[in-house]
Amino acid sequence: MISVKKEGVLLRQTNLEFENEGVLNPAIIVDGEDIHMFYRAVRIGNYSTIGHCKLSGPLTVAERDTRPILFSQMDYETHGLEDPRIVKIDGLYYLSYIAYDSKDALGALATSTDLVNWERQGIIVPQIPYTEFLRLIKTNPEIDNRYADNFDPNNTVVMDKDLVFFPRRVNGKLTFLHRIKPGIQLTAVDSLDELTMDFWKNYVQHLNENIVITPKYPYEVRYVGGGCPPIETEHGWVMIYHGAKDAPVKGFEYSACVALLDLDNPLKEIARLPYPLFKPDQDYELAGDVDDVVFPTGTALFGDTLYIYYGAADDIIAVASVSLSGLVKELLANLKS
């Protein structure tokens, strides 16, 4: 079993209005000598914006902005911008996040050339009402029946969250993960312009062909969702994601999980750990705004040490570390049969 070190709490809420309820689920990118962290900042009433700080090394906050860097400007994000992830592709920064308008939570994207000025690209995941979604998946008997359970009377369309881009084009295509419960899906396109309603209807009708990870082990039996941007190694893409199971008292327990995907065909799962990479076991993970949660969303590699940044109990930001080579070795010892 791979050894993971809990490094402790990195960032807590402040009295500033935009983050006076909690900070969580950060995106991390190393840019030259700088390490940028873009995080979900929550103000009282559960309104979220994207805060920003710089780190000095993997575990020290050096600078922290006193205002959000991204805040609600569009109709589809009136209630907040949540759970950012970030990568750099072809010289352009892709910051994906969940846009929430008090009814629908959907994957959206903003891009930048300088990490300061951001251009909204809009919602890029499917926006399909449940009745239409159900009609489409019912035409394909190979689609898991659990996908029919996505109805929520509070939503106008099927929820699609955990939008995470790969850090480079794969076979020339922009490639990203997203999540319609209970599995994680993959989409690859030459251009975001291809993501039309017709594209998504065909995609959903063949959803079984686009699923990367399906819940398999007890720690992820309820559902899984994308976590950190995949990490490229010579053996494949290391994909750190989250898995949910019933919590001991109420709700769900979220754990950090890991799989290995094929470099050229990331729809192909090579290996998966049969146990969580790490799970809630510290006080700051077990009790908070939402108990029993570790929610990994960003990484930074220093030598062979991979630092994993995550939201703990939907309240604070914490860090864990692991040997990347050791993690790959452990994954290769658990090849998919």
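Heavy-atom basis, side chains included; hydrogens, waters and symmetry copies ignored.
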Would you check if the side chain of [X] reaches a backbone N or O of [Y] as a donor-acceptor pair within less than 3.5 Å?
X: Asn210; Y: His206; answer: yes
X: Glu330; Y: Gly326; answer: no
X: Arg85; Y: Tyr97; answer: no
X: Thr233; Y: Gly236; answer: yes
X: Ser112; Y: Asn117; answer: yes
X: Asn20; Y: Ile44; answer: yes

Salt bridge or not for [X] and [Y], using N-O below 4.0 Å?
X: Asp315; Y: Arg12; result: no
X: Arg168; Y: Glu232; result: yes
X: Lys5; Y: Glu7; result: yes

For the ring pair Tyr310 and Phe295, is the centre-to-centre distance below 6.0 Å?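 Ring centroids of Tyr310 and Phe295 are no less than 6.0 Å from each other.
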Are His178 and Trp200 an aromatic pair by the rule of ring centers under 6.0 Å?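 Yes: the rings meet the under 6.0 Å criterion.
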Side chains of Ser325 and Asp304: donor-acceptor distance under 3.5 Å anywhere?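 Yes, because at least one side-chain N or O of Ser325 sits under 3.5 Å from a partner of the opposite role on Asp304.
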Verdict with supporting geometry, Asp65 and Arg67, salt bridge (Lys or Arg N to Asp or Glu O under 4.0 Å): CA-CA 6 Å; Asp65 292 3; Arg67 294 182 297 177; over 6 Å; no
Exactly one of Arg64, Arg40, Gln13 should register a side chain to side chain donor-acceptor pair (under 3.5 Å) with Glu19. Which one does?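 For Glu19, the side chain to side chain donor-acceptor pair (under 3.5 Å) check succeeds only for Arg64.
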Which heavy atom in [X] sits nearest to a heavy atom in [Y], and how many Å separate them?
X: Tyr219; Y: Leu273; answer: OH-O, 2.6 Å
X: Pro296; Y: Val294; answer: CD-O, 3.7 Å
X: Pro215; Y: Gly183; answer: CD-CA, 4.3 Å

Check step by step if side-chain contact (heavy atoms from CB on, under 4.5 Å) holds for Phe252 and Asp246. CA-CA 4 Å; Phe252 300 114; Asp246 290 327; 3.6 Å; yes
Verify same cluster id: Ile89, Leu115 (apolar side-chain graph, 4.5 Å):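 The answer is yes; both residues are in one hydrophobic cluster.
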